[in-house]
Amino acid sequence: MSTTPTPSDTAARALDRTTLLASLSQDMGRDLSTAMVMYVDAVADQIGINVTDLNCLDLLGREGRLTAGRMAELTGLTTGAITAVIDRLEAAGYATRSRDDDDRRRVYVEPTTKEGAGILYADLCQAWTSLLDRYDDRELVVLHEFLASSITMLELETTKLRALNAAG
């Protein structure tokens, strides 16, 4: 058990629930989101691609070999936009295309072994590890559950927004 009060312990004692919830909503909903967007933008700049391409490259890194159509589904981009993303990633050496042997119309995209954002994200992972070292195992479980639930909530909200956009 951690003997040093964490920032969250101190904040919880100093603020009433309503104020704490409003503060967390601001911190998570806007401030953390903005900080992450700025970080991803800096990573993209560092490796010479745009943010959309970096997000697609990250998707390829997590999912592996994907069809262009599946990339479009997962990102919400049009197939035309995905074609342009793949063109740029291929030109930069971060992805390759290959045709399906059984259906020549189907194109697969996969990441190459070219080092790109991975090394930059390794630094971020180390910083996250240092930050997480402040918390005991019980607190880490709560953080893990919260983040997993947050991701699910964001995916659902994204789906709702895309449905609204598609409806016109």
Inset, instruction - Using the rule that two of Ile, Leu, Val, Met, Phe, Trp, Tyr join whenever any of their side-chain heavy atoms come within less than 4.5 Å, decide whether V37 and W128 are in one cluster. - result: no
Inset, instruction - Would you check if M71 and L77 make a side-chain contact, meaning some heavy-atom pair closer than 4.5 Å? - result: no
Inset, instruction - Mark yes or no for whether K160, through its side chain, and E155, through its backbone, hold a donor-acceptor pair below 3.5 Å. - result: no
Legend entry - Partner of L66 under side-chain contact (heavy atoms from CB on, under 4.5 Å), chosen from I82, L59, V107: L59
Inset, instruction - List, by chain and number, the other hydrophobic cluster members for Y108, where Ile, Leu, Val, Met, Phe, Trp and Tyr join if side-chain heavy atoms come within less than 4.5 Å, directly or indirectly. - result: none
Inset, instruction - Please answer: with hydrophobic residues joined when any side-chain heavy atoms are less than 4.5 Å apart, are L131 and L124 in the same cluster? - result: yes
Legend entry - Atom pair CG (L132) and CD (E139), whose distance is rounded to the nearest 0.5 Å: 11.0 Å
Legend entry - In one Ile/Leu/Val/Met/Phe/Trp/Tyr side-chain cluster, 4.5 Å: V142, Y135: no
Inset, instruction - Classify the side-chain pair D16/T19 by whether it contains a donor and acceptor separated by less than 3.5 Å. - result: yes
Inset, instruction - Report the C-alpha separation of Y121 and V40 in whole Å, then their side-chain angles, then the decisive distance to 0.1 Å, and conclude whether the side-chain contact (heavy atoms from CB on, under 4.5 Å) test is met. - result: CA-CA 9 Å; Y121 284 122; V40 169; 3.8 Å; yes
Inset, instruction - Report yes if the side chains of T112 and L89 come closer than 4.5 Å at any heavy-atom pair, otherwise no. - result: no
Legend entry - ILVMFWY cluster, M28 and M36 together (side-chain gap under 4.5 Å): yes
Inset, instruction - Compare all side-chain heavy atoms of V51 with those of D41 and state whether any distance is below 4.5 angstrom. - result: yes
Inset, instruction - To the nearest 0.5 angstrom, please state how far the OG atom of S149 sits from the NE2 atom of H144. - result: 10.0 Å
Inset, instruction - State whether the number of non-hydrogen atoms from other residues, nucleotides or ligands found under 6.0 Å of D137 atom CG is greater than 12. - result: no
Inset, instruction - Ignoring hydrogens and angles, tell me if any N or O in the side chain of E63 forms a donor-acceptor pair with the backbone of L60 under 3.5 Å. - result: no
Inset, instruction - Flag yes if I47 and Y39 sit in one hydrophobic cluster, no otherwise; membership is Ile, Leu, Val, Met, Phe, Trp, Tyr, and two members link when side-chain heavy atoms are under 4.5 Å apart. - result: yes
Inset, instruction - Would you indicate whether the side-chain heavy atoms of L54 and V43 approach each other to under 4.5 Å? - result: yes
Legend entry - Spacing of K114 atom NZ and L57 atom CG [to the nearest 0.5 Å]: 10.0 Å
Legend entry - I49 versus D53, closest heavy-atom pair with distance: CD1-C, 4.0 Å
Inset, instruction - Please report the shortest heavy-atom distance between R105 and R99, naming the atom on each side. - result: O-NH1, 4.1 Å
Inset, instruction - Before accepting this row, confirm whether a basic side-chain N of the pair D58/R62 lies closer than 4.0 Å to the acidic partner's carboxylate O. - result: yes
Legend entry - D87 and R97 ion-paired at < 4.0 Å: yes
Legend entry - Q26 side chain reached by D31 side chain, heavy atoms, under 4.5 Å: yes
Legend entry - Side-chain heavy-atom pair R65, S98 within 4.5 angstrom cut-off: yes
